[in-house]
Amino acid sequence: MKKISVDKMNELFAAIAASRSLYMPVDDGKKGAKYDKWSEGTEYSKAANTSRSAKDFFFPQVEDMASFNVKGKEIEVIDTREECEDFVVFGVRACDAKSFDILDTVYLADPVDSYYASRREHGVIMTMACNKPTDTCFCGTFGIDAADPKGDVSCWMSDSELFLSANTEKGKALLDSISILEDADDNAADDVKASIKTVLDKLPLKDVSADGMKEKSLMEVFNSDKWAELSESCLGCGTCTFVCPTCQCYDIRDYDTGHGVMRYRCWDSCMYSDFTLCAHGNTRTTQLQRFRQRFMHKLVYYPENNGGVFGCVGCGRCLRSCPISMNIVKVMKTLEG
Amino acid sequence: MQEVMVKRASELMADGTVVRVLGWKKGEFAYDPTPAVFNSADELSEFVYNDFCASNLSKYLIALSKKEGSTLVFLKPCDSYSFNQLLTEHRIDRERVYIIGLECSGKIDEAKLREAGCEGILGVKTEGENVTVETLYGDKTFKKADCLGERCVTCKSRKVVAYDEIIGENGEVNSECGRFDMVAEIEAMTPDERFEFWRNELSRCIRCNACRNICPACSCEKCVFDNPNSGIAQKAAADTFEENMFHIIRAFHVAGRCTDCGECSRVCPQHIPLHLLNRKFIKDMNECYGEYQAGAEAGSRAPLVSFTQEDCEPSVVYEREASKK
C-alpha cells in the first residue's frame with residue numbers, strides 16, 4: 001500500500017496528469033457533482049457521487065461509428081474510429097466500479113465491441129472508498145463493499161492522508177510511475193474502512209435484498225400482477241436509464257449529411273415507445289411492458305445469463321432522479337412482498 | 001390534512017361518486033411519494049399527503065377520464081391551472097372527474113435540502129415554519145421558506161381554479177410574485193452573454209425527456225421527436241445544436257398553453273431551469289397582448305390563437321417598449 005498527505009493531493013494529480021488525461025468528480029455549482037478533466041486549480045469533489053454515472057467514459061451517450069460518402073454510384077466507407085487517449089478516472093465509487101464489470105460482460109463478450117474495448121484498454125480506474133454514503137445507497141444489496149472499492153487502484157481518504165493500493169498490473173504500473181508516493185503498511189487504511197462500515201450499518205436501505213427474485217421462476221415474476229400498479233404512473237421518460245451506470249442499450253441511427261451518411265449510436269431506453277422498433281411495429285406496446293422489461297433485465301434476465309450476478313449496483317441515482325419517485329428498490333420490495 | 005383527504009376519499013368511494021382516487025402513495029423515505037391510483041378504500045391505507053407531494057396529477061386524468069366511472073383527484077392550486085388548460089384542449093372529460101382542491105403553502109424541494117448539505121436523509125419533520133432534517137450525519141433545521149421549490153418561491157397563485165370542493169381555504173392570485181425577475185435579468189444580458197447562459201444550462205441535457213413527459217401541455221399522442229417517420233426523431237443530444245433546438249422547439253410548442261406549473265424544472269435530473277424559457281414566452285405575450293394566464297379559466301382563448309385588430313405587431317425588429325400598447 002502507498003500513501004500521500006491529503007495536502008499533497010494536488011501534486012499527485014499533477015503527476016498523473018503529466019502523462020495522460022485525468023478525470024475526477026468536481027462540484028457542479030450547487031447542482032451535485034460531475035466528472036471533469038483535471039487541470040491546475042481543479043478541486044476534487046467529496047460529493048457522495050456524481051449525478052451522471054461513470055459509464056460515459058467507456059460507453060458515451062453518442063458516438064460516431066462510421067461514415068459513408070456517396071459519389072455517383074460509389075460509396076466510400078470511412079472508419080471514424082480514432083486511437084483512444086490514455087486516461088485515468090480518479091474517485092470512482094465502489095458501485096460505479098462494479099458497473100464496469102457488468103458492461104464488460106456485454107461489450108467484451110464475443111463479438112467484442114471494439115469501440116468500448118479501446119476505451120477500457122486505455123483507461124485506468126482509481127476508486128475511492130465512500131466516507132459519507134447516503135440514504136439512497138444500497139450497493140450492499142449486491143454484495144458491493146463501499147469501504148473496499150475495486151478498480152485498478154483502490155483509494156481511501158482519512159482527514160490527513162490518502163492511501164492507495166493497486167489491484168491490477170495497470171494500477172501497479174501507474175502507482176510505480178509516481179515517485180512522490182510513500183510506502184505504507186498494508187493495514188494503514190483499516191481505520192478508515194472501520195469508520196465507513198459503522199455508517200454502512202446504519203444506512204436506511206441496508207436490509208434491501210434482491211435474493212427473493214432468485215427464488216421465484218422467471219415466468220412467476222414476469223406474470224406478477226404487481227407490474228400494473230408499479231408502472232401505472234410511469235411517465236415513460238428515460239431518466240432512470242440514462243443516469244443508470246449499468247443500462248447498456250443503444251440504438252444505431254443514420255444521419256443524412258446531404259452527401260452521405262454519418263452512422264452513429266446513442267443510448268436508448270427501454271422506457272421509450274420506439275425502443276427496438278421493428279419493421280412489423282413494436283414488440284412492447286404498453287408502458288407496463290416497457291417498465292417490466294427494464295426491471296426484468298436487471299433482476300431476472302441478466303442474473304440468469306451471468307451466474308446470478310444482478311444487473312444493478314445500488315448506486316441510487318434512479319432513486320434521486322425519477323420524476324415520480326418510482327425506482328428499483330420499490331420494485332424489489334413490492335415484487336417480494 | 002392527510003386524514004381529512006383520506007376520509008373524504010373513502011366517503012366519495014362509498015357513496016358511488018367516484019370509483020377510484022388519484023393521489024400519492026408513501027415511499028421509502030419522507031421525500032419520495034409516488035403518484036398512485038387507489039381502487040378501493042382498503043388501498044387508501046397507503047395514501048400519503050405531505051410537503052413532498054409536489055407532482056402535478058392533472059396529466060394522468062387524460063388517461064383516467066377515458067376509463068369507466070369517475071376519478072377523484074386532489075389538485076393543488078398550480079395543478080388546477082393545468083387541469084383547466086387540459087379541459088380547454090378537450091383532453092379531459094370533466095364529467096368523469098371529481099376534484100378536491102387543496103390549500104397549499106408550497107412544497108419542499110428535496111434537491112434544495114441536498115444543496116444545503118443534507119445527505120443520508122433519514123427523516124424530515126415540519127413543525128410550523130421549521131423543517132428539521134434528520135440525517136446520518138446529524139440533524140439540520142431550516143426555515144420552510146428556504147427549502148421550497150423554485151416555482152413555490154415565486155408562486156403565481158394560491159387560488160384553486162377548478163374544483164368541486166376544497167380542503168382548507170382557497171387562496172389568492174399573487175401578481176407581485178416576481179416570477180419574471182429572472183427572465184428580465186436574462187433579457188438584460190448581451191446576446192453573447194445570453195447565448196453563453198443557455199449553452200451552459202442546455203449543455204447538461206441528457207435528453208431523458210422527463211421535462212416533456214411530465215408536462216401537462218405536452219399531451220400529443222405521439223411526439224414528433226419520437227416518430228421515426230418525422231425525419232427529426234432523436235434519441236440523444238447528438239450535438240449541441242440539437243440540445244438547444246429540442247428545448248426551444250418545445251417551448252414554442254407550449255407557448256400560450258403553458259400554465260407555468262414548473263414541473264419541467266422540478267423533474268430535470270440535470271437541474272436545467274427550463275421554466276425560464278416558458279416564462280419568457282408568457283412575459284412577452286403579457287407585454288404584447290395584455291395579461292393572460294393559461295388555465296385561469298377553462299375555455300379561454302389564448303392570445304396567440306385569437307386575432308384582434310388591436311393586436312400589436314411584434315415585427316422582426318422587436319422593440320419592446322415601442323411595441324407595448
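Residue numbers begin at 1 in each chain, while the letters A, B, ... track the order of the sequences. Just so it is clear, the structure is predicted and the values come from calculations on it, not from any experiment.
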Within a strict 4.5 Å, meaning less than it, do heavy atoms of the [X] and [Y] side chains meet?
X: B:Q270; Y: A:S51; answer: yes
X: B:E43; Y: A:E229; answer: no
X: A:K34; Y: B:R204; answer: no

Closest approach of [X] to [Y] (non-hydrogen atoms, all atoms of both residues):
X: B:C208; Y: A:T239; answer: SG-OG1, 3.2 Å
X: B:Y31; Y: A:D135; answer: OH-OD2, 2.6 Å
X: B:D226; Y: A:S273; answer: OD2-OG, 4.1 Å
X: B:Y60; Y: A:I324; answer: OH-CG2, 3.4 Å

> Is the count of non-hydrogen atoms from other residues, nucleotides or ligands lying under 6.0 Å from A:D159 atom CG greater than 12?
Replying inline: no
With a 4.5 angstrom heavy-atom cut-off, could you sort out which part of [X] is near chain A: side chain, backbone, both or neither?
X: B:P35; result: both
X: B:F29; result: side chain
X: B:T34; result: both
X: B:K25; result: side chain
X: B:R266; result: side chain
X: B:I121; result: both

>> Main chain of A:S325, side chain of B:D32: is a donor-acceptor contact present, judged purely on distance under 3.5 Å?
In response: no
Best-contacting candidate, [options], against chain B by heavy atom pairs under 4.5 angstrom:
options: A:S269, A:S233, A:P323, A:G238; result: A:S233
options: A:L203, A:D268, A:N327, A:D256; result: A:D268
options: A:K202, A:E63, A:R52, A:K132; result: A:K132
options: A:V199, A:T241, A:D64; result: A:V199
options: A:L205, A:T136, A:V243; result: A:L205

> Which region of A:R317, side chain (C-beta onward) or backbone (N, CA, C, O), has a non-hydrogen atom less than 4.5 Å from a non-hydrogen atom of chain B, or is it both or neither?
Replying inline: neither
> Given that the side chain runs from C-beta out, which part of A:Y250 has a heavy atom under 4.5 Å from chain B: side chain, backbone, both or neither?
Replying inline: neither
> So how far is it from B:N209 CG to A:Y272 OH, rounded to the nearest 0.5 Å?
Replying inline: 4.0 Å
>> Could you go through A:T134 and B:R114, starting from their C-alpha distance and side-chain angles, then the distance that decides it, and tell me whether this counts as side chain to side chain contact (heavy atoms under 4.5 Å, CB included)?
In response: CA-CA 11 Å; A:T134 191; B:R114 306 257 183 217; 3.7 Å; yes
> Any Lys/Arg nitrogen of A:D274 or B:K222 sitting under 4.0 Å from an Asp/Glu carboxylate oxygen of the other?
Replying inline: no
